[in-house]
Student: 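Below is a structure I'd like to ask you about.
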Amino acid sequence: MSKKIVLIDGHSILNRAFYALPVLTNSEGLYTNGVLGFLNILFKILDEEKPDYLTIAFDVHQPTFRHEMYAEYKGTRKGMPEELREQVPLLKEVLQAMKISILEKGGYEADDILGTLAVKAEKEGYQVSLVSGDRDLLQLATEAIRIRIPKTKKGGTEIENYNTNDVVETYGVTPIEFIDMKALMGDTSDNIPGVPGIGEKTASKIISTFGSIENAYEHIEEVMPNKARESMINNREQAYLSKVLATIKTDCELDYRVEEADYQDIYNEEAYNYFKRLELKSLLKRFDGMSLSNTKSSEKNETKFEVITEKKKAQETFDEAVRTSLKAAVGFYLVTEGDVLGLALSYGENTCLFLCGEESEDLAAQDIAAGLGRLFGAGSSFATIHLKEQLPYLPEGTEEKISDMAIGSYLLNPLQSSYECDDIARDYLKLTLPSQSEILGKGSYKEFLKLKKEESTAFFCNHAYTALKAMPFILEELKLKGMDSLYKTIEMPLVYTLYDMEQRGIKVNREELKEYGDKLTVGIDRLEKEIYELSGEEFNINSPKQLGVILFEKLQLPNGKKTKTGYSTSADVLEKLQAEYPIVGKILEYRQLTKLKSTYADGLAVYIGTDGRIHGKFHQTIAATGRISSTEPNLQNIPIRMELGREIRKVFIPEEGYVFLDADYSQIELRVLAHMSGDERLIEAYKQNEDIHRITASLVFHTPFEEVTSEQRRSAKAVNFGIVYGISSFGLGQGLNISKKEAEDYINRYFDTYPGVKAFLDDLVSEGKKEGYVTTLYGRRRPIPELASSNFMTRSFGERVAMNSPIQGTAADIIKIAMIRVNEKLKALKLRSRLLLQIHDELLIEASKDEIEEVRKLLQEEMQHAADLLVALEVDVNEGPNWYEAK
DNA sequence: AATATCACG
DNA sequence: ACGTACGTGATATTT
């Protein structure tokens, strides 16, 4: 293997890092977010590549014509903010302390320095990684030079990699041709004029056809389309100039020798002191082994993974795993894609991967199934990740034996955006693993196993390995935080419930859905004509930008108020104009219809499977409050509020011989509030078993119950909602369309009426501020970092979250308990009726006609008694031949 | 990839 | 004075 060198574009990465992270300072007031982000990326790359050499290049800020133009251009928008500027020297100091080779030279840009170094290193036989945030460098990609572009995705950084082929795949041109392509399309931020009228698509087409600008001019009469050809003819000079500007120099005069760029001693005392002073706490653990040895300690225990494709060897390994499972936990991960492709196992000190199917002639999926049967028969403690996806291939009866580390780490911190293996390894094992998209990209597991055997097997083994190693820490932490019961009795059993629901799916009448869509199309066409008529021209009504111009400029409608990047055309703005301007009503109606058509009529149709059912997915680790979410498609936002939309529920139907039973909690969140706050009057109000909004209105407005007007009731209802959302006078005013002052008055009256609620909400906020998190009745936590913010808006948001999360979260806990019990009970009683959907406070059951009464009772019972609160939970059950009728 | 809008609880 | 209701996901348009 040839030696590796990593070259980093210092300014570009620092810049990316700075904008990716929220502002962060140490206690001295030094800004550190850019430095922190830079170091995170640096360490990620070092851990991943373990290169032999490393250099970081900076351009010196003053010189070159090209650069001045750039500064000026940026100056017109926003210069480098002070917070970032001061981190440049700071970063250099830190890197110097780490004894990392830094290269900067006046007169050259970082691109040119990097280009020169990369080409030089390649010539000398090195494998080169060029790290930058800038796509310009793609022109340098070769087999030996890999361009790496870190992207700041939610939840961490991911790195896009480009060798020659990757550039071709992404842009349709070779790296060399990329220069010409860029020269044609131009780049304002680099001050490359390009050829007017040619964008990315056209440029790619021209260059992939002709190979270069020069050749394109030689055959200029063949260049298509006409517009591009003419523009090229008229801008010949500019095209050639652009090419010069776009070309990165590879022949800078640099006094640089690769051998001097080795980095031996990055974890030294001076560096440690810098990290400590900057309070880069998450990075400090990297210095743990410092005093023991100063040499390359990043060469940690490289776990060895074994790949098994022989039946005999597999049997023996299963034997060993079974023996281990009798006294210790075993980590596993089933690799599936339609079928089982393999199984990763981790036990004791051994981690291995069985491959079956196409990857092994000897080992079949049945062999793995048999092995799994033996293993789960013997052992009692297993750890994995994403259990729900593996359940189709696991034996029965694994409940209570398997832990899912993604579920556990979600409970420990529900704010993360993903709970993949690499996230968990980073958080609990301080291990840097490549993410799926980094090594796999967008390909399938099958391709992945074929093309990148070594990386893919390591990837799968890491799942089993990480599950085994991280699970004890996660379980311990859950216990410490009082969430072990939540985990064991709610979240893990729910995995199986959701799996059942996904498998069952819900039947949809395809023909009727089609008819519904056609009906919408008729209405859309009619409205479209009418709108064009009224506005005097044709335009794209779906474009808020174009619509804004038509309404507020051409037609001069008043109130072009709400802006951000133009006029707001949102429903609440338009509704206020509706009465006076007929076109506005048409637009609102048009919006409604197109929404129904695209999202529901057309959108749902593509998910109907061969069995005539839609098998949506339910996600358990998304919502910060503990709710479940639904995708592909989202079955939790099927229209109901408007009649026309509601109609679509008629296409959701039960199987022959079945009916739908729909059960929903009545005001579960308000009841939870009554319980948690212990407010006596609110509890009393519920005991009366009367319309709660009317009671509230009666109390708040000091009006006899019978005399409450519908207006008063509406206001009281809005206040009740507001309370649950984390009340604010502004928000309530918005919701009720009244002034902030009036809203404030309502809120005060409400709190006078229910003083216990006020005290409870105040307590939640102060608890959140003190502890950094709030909890539900079942111990589920929601951290609220916003409460510590000095920014008023951010902090206010945190306060509302502190008031809302325990209520919404407790309601979520309760219905989860109900779901598990309902599902279990139906199965235990051997009933054919089954749970299909959960919509936050509602369960939809497909009930066999001969079981209706039994199931109705069961639903009532289980849902009502899922929690024992100070106020009774009320459940309404409805029956119907489709979802529309059952609600 | 981000923004605007709107569907639900 | 600040400028917002809480929690999601899908689609179309624009950058």
Side-chain angles (χ1 to χ4, degrees), chain A residues 151-154 188 199-200 414 539-548 562-574 587-588 590-604 606-607 616-619 622-642 644-646 648-649 664-665 667-669 718-719 721-736 740 743 747 782 784 786 789-809 811-812 815 837-842 887:
Chain A
K151 294 233 129 179
T152 44
K153 276 241 162 134
K154 296 176 216 165
T188 38
E200 181 175 328
F539 63 102
N540 187 345
I541 310 167
N542 284 319
S543 162
K545 203 177 157 191
Q546 293 181 36
L547 180 61
K562 280 179 69 178
T563 51
K564 186 110 186 207
T565 51
Y567 309 99
S568 169
T569 64
S570 65
D572 59 328
V573 173
L574 296 190
I587 288 165
L588 284 169
Y590 174 88
R591 281 239 181 102
Q592 210 180 49
L593 297 207
T594 49
K595 177 90 182 178
L596 291 173
K597 178 84 166 83
S598 63
T599 305
Y600 299 101
D602 298 346
L604 287 175
V606 307
Y607 289 103
K617 293 179 176 171
F618 290 103
H619 302 276
I622 303 292
T625 50
R627 274 189 176 182
I628 287 164
S629 87
S630 161
T631 64
E632 297 176 62
N634 183 350
L635 293 170
Q636 291 180 321
N637 73 344
I638 303 301
I640 190 165
R641 293 174 190 169
M642 297 295 207
L644 182 62
R646 192 174 192 151
I648 202 172
R649 293 182 171 231
D664 70 316
Y665 282 112
Q667 295 139 2
I668 187 170
E669 288 180 338
V719 178
F721 269 104
I723 295 290
V724 171
Y725 290 159
I727 197 85
S728 80
S729 50
F730 185 93
L732 180 64
Q734 191 95 91
L736 274 177
K740 210 177 89 168
I747 294 168
R782 156 120 193 216
I784 313 178
E786 291 88 351
S789 171
S790 56
N791 178 301
F792 174 84
M793 190 188 79
T794 309
R795 198 174 56 249
S796 303
F797 172 72
E799 290 169 359
R800 294 194 296 274
V801 166
M803 296 187 261
N804 167 267
S805 290
I807 301 170
Q808 193 185 113
I815 194 159
L837 300 179
Q838 184 251 43
I839 309 99
H840 307 306
D841 62 353
E842 166 190 358
K887 191 69 182 100

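Fair warning: this is a prediction, and the values are worked out from it, not measured in the lab. Order of the sequence lines fixes the chain letters, A, B, ..., with proteins taken first and strands second; residue numbering starts at 1 for each chain.
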Student: Toward the 5' end of DNA chain C, which comes first, A:A624 or A:G731, by nearest nucleotide?
Tutor: A:G731
Student: Give a yes or no on whether a donor-acceptor pair under 3.5 Å exists between the nucleobase atoms of B:dG9, that is its base, and the side chain of A:R641.
Tutor: yes
Student: Using a cut-off of 4.0 Å on non-hydrogen atoms, how would the nucleic acid contact of A:R646 be classed: base, sugar-phosphate, or nothing?
Tutor: nothing
Student: A side-chain contact here means heavy atoms from C-beta on lying under 4.5 Å apart; do A:N634 and A:T599 qualify?
Tutor: no
Student: P atom, B:dC6 versus C:dA1: distance in rounded Å?
Tutor: 32 Å
Student: If every non-hydrogen atom of A:V801 is compared with every non-hydrogen atom of A:I784, which pair is closest and at what distance?
Tutor: CG1-CD1, 3.8 Å
Student: What is the distance, rounded to the nearest whole Å, between atom CZ of A:R649 and atom P of B:dC8?
Tutor: 8 Å
Student: When we call it a touch if two heavy atoms are under 4.0 Å apart, what does A:T594 touch: a base, just sugar-phosphate, or nothing?
Tutor: nothing
Student: What about A:N637: does its side chain form a donor-acceptor pair under 3.5 Å with the base of B:dA7?
Tutor: yes
Student: Select base, sugar-phosphate, or nothing to describe what A:N634 touches, counting heavy atoms under 4.0 Å on all strands.
Tutor: sugar-phosphate
Student: Could you tell me whether A:S796 contacts a base, only the sugar-phosphate backbone, or nothing, with contacts defined as non-hydrogen atoms closer than 4.0 Å?
Tutor: nothing
Student: For A:Q546, which contact category applies under a 4.0 Å heavy-atom criterion: base, sugar-phosphate, or nothing?
Tutor: sugar-phosphate
Student: Looking only at atom P, what distance separates C:dG3 and B:dC8, rounded to whole Å?
Tutor: 31 Å
Student: Indicate the atoms forming the closest heavy-atom contact of A:G616 with A:P633, along with that distance.
Tutor: CA-CD, 4.0 Å
Student: Using the P atom as the reference point in each nucleotide, state the distance between B:dA7 and C:dC2 in Å, no decimals.
Tutor: 31 Å
Student: Assign A:A571 to base, sugar-phosphate, or nothing according to its heavy-atom contacts below 4.0 angstrom with the strands shown.
Tutor: sugar-phosphate
Student: Need one value for A:E632: base, sugar-phosphate or nothing, where a base atom within 4.0 Å counts as base even if backbone is also close, heavy atoms only.
Tutor: sugar-phosphate
Student: Does A:F618 form a side-chain contact (heavy atoms from CB on, under 4.5 Å) with A:L837? I'd like the steps, not just the answer.
Tutor: CA-CA 9 Å; A:F618 290 103; A:L837 300 179; 3.9 Å; yes
Student: Can you name the nearest heavy-atom pair linking A:F539 to A:Q546, along with the distance?
Tutor: CB-OE1, 3.7 Å
Student: Should A:N542 and A:T594 count as side-chain neighbours, where that means a heavy-atom distance under 4.5 Å?
Tutor: yes
Student: For A:R591, report the nucleic acid contact type (base, sugar-phosphate, nothing); a contact means any heavy atom under 4.0 Å.
Tutor: sugar-phosphate
Student: Indicate, with a heavy-atom threshold strictly under 4.0 Å, whether A:I628 touches base, sugar-phosphate, or nothing.
Tutor: nothing
Student: Would you state whether a donor and an acceptor, one from the side chain of A:Q636 and one from the base of B:dC8, lie under 3.5 Å apart?
Tutor: no
Student: For A:A718, answer base if it contacts any base atom (sugar-phosphate contacts may also be present), sugar-phosphate if it contacts only those atoms, and nothing otherwise; contact means non-hydrogen atoms under 4.0 Å.
Tutor: base
Student: Strictly by Watson-Crick or wobble contacts shorter than 3.5 Å, is anything paired with C:dG7, and which nucleotide is it?
Tutor: B:dC8
Student: With a 4.0 Å cut-off on heavy atoms, is A:G722 in touch with a base, just the backbone sugar-phosphate, or nothing at all?
Tutor: base
Student: Under 4.0 Å between any heavy atoms, over every strand shown, what does A:V801 touch: base, sugar-phosphate, or nothing? Just pick one.
Tutor: sugar-phosphate
Student: Base, sugar-phosphate alone, or nothing: which one does A:I640 contact when heavy atoms must sit under 4.0 Å apart?
Tutor: sugar-phosphate
